[in-house]
Amino acid sequence: MRRLLQSLLLKLTGLGLLRITLFDDTYLRYVKPGLRPVLIASGVVLLLLGIAAAFSRTGNGGHAHDDHDAHDGHASGAHDGHASDAHDGHTDGGHEAHAHDGQEGHDGHDHSGTPKIAWLLVLPALSLLLFAPPALGAYTAARSGAKPVAVQKKGFGPLPATSPLPLTLTDFTKRVQQDRSRAIQGRTVRLTGFVTPDATGDGWYLTRIIFTCCAADSQTVKIHVYGSGSAEPPAADTWLAVTGTWHPAGTLGTTSAPAALDARLTTPIAQPINAFTDDLPITPG
């Protein structure tokens, strides 16, 4: 039974990995795109190991049956040949000792099987195959601090004349807090991300979650957004393209200036293919 459970878990996990990597892009919820070949290879290996374990179990079962028959035959012959003499020679004390030893031998047998609770391990493997866990979103972002923005050591070049100017959340933050030329002042920019509610009710956050390798090491970048053209803030996890200008506060070009935006226009968009990077969005299509 234990080997059956092992085989089943290996096969379910292998099939689940192959489903989320070969048939759609679900794997991008958990890892960076470059890890796709590794996941495919892992799925194939796990599936083959599960199949091998199942065949191994079948083979061992047949061998064990033959050994059991041979043991029964030997035991029967030995009993017929020696039963009479053994009975005459035993004393009452010998009977007690033999029974006691037999009981100890019986207790020494390994009757362990697969604990019933171990079958619960099938559930996560089965969920990966039938219903993949959702991607990280506003719930995670609301409970994690913003990623520290690296210092721009080489200085800043002039901004393109494009209006609205597409920027990543990280680039916008750097321009606001590090660019002493204040080139971002008065410029209309276009930022993209998903909505994370502000617990205080004062605006909301435009957010991107960034994978260094996978979901386990994710970091969050947030821009505080004021105003959205409606009385109610957008729903959590809604992907938006937000057009607006820097929200004046603190001293622009220093860390006292908040990474914040006065929104003039919000446009719903489809979740980009590169959702877990802070790059300009690549939209599906």
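Keep in mind the model is a prediction, meaning the values are calculated, not measured. These numbers come from the heavy atoms of this one structure, side chains and all, not from hydrogens, waters or symmetry mates.
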> Which atom names give the shortest non-hydrogen contact between Leu167 and Leu280, and what distance separates them?
Replying inline: C-CD2, 3.8 Å
Distance in Å, [X] [atom1] paired with [Y] [atom2], rounded so as to fall on 0.5 Å steps:
X	Y	atom1	atom2	value
Leu191	Thr207	CG	OG1	11.5 Å
Thr162	Arg190	OG1	CZ	12.5 Å
Leu9	Leu126	CG	CG	10.5 Å
Ile184	Asp171	CD1	CG	9.5 Å
Leu252	Asp179	CG	CG	7.5 Å

Under the 3.5 angstrom rule, does the side chain of [X] hit a backbone N or O of [Y] as a donor-acceptor pair?
X	Y	answer
Ser256	Thr251	yes
Asp278	Thr170	yes
Tyr27	Leu22	no
Gln219	Ile210	no
Ser7	Gly50	yes
Ser42	Val38	yes
Arg180	Gly253	yes
Asp198	Tyr205	no
Arg29	Leu136	no

> Which residue pairs satisfy the ring pair (Phe, Tyr, Trp, His ring centres under 6.0 Å) criterion with at least one member in residues 246-280, sequence neighbours excluded?
Replying inline: Phe211-Phe276, Tyr226-His247
>> Evaluate Ile51 against Lys11 for side-chain contact (heavy atoms from CB on, under 4.5 Å), listing each step before the verdict.
In response: CA-CA 7 Å; Ile51 294 172; Lys11 286 185 284 190; 4.2 Å; yes
>> Between Thr188 and Thr245, is the side-chain hydrogen bond (donor to acceptor under 3.5 Å, both in side chains) condition met? List the steps.
In response: CA-CA 5 Å; Thr188 301; Thr245 56; over 6 Å; no
Could you tell me if the side chain of [Y] sits less than 4.5 Å from the side chain of [X], heavy atoms only?
X	Y	value
Arg208	Thr277	yes
Leu265	Val242	no
Leu35	Cys213	yes

Determine all donor-acceptor pairs shorter than 3.5 Å in which one atom belongs to a side chain in residues 152-161; sequence neighbours excluded.
| residue | atom | partner | partner atom | Å |
| --- | --- | --- | --- | --- |
| Gln152 | OE1 | Lys174 | NZ | 3.4 |
| Gln152 | NE2 | Gly155 | O | 3.4 |

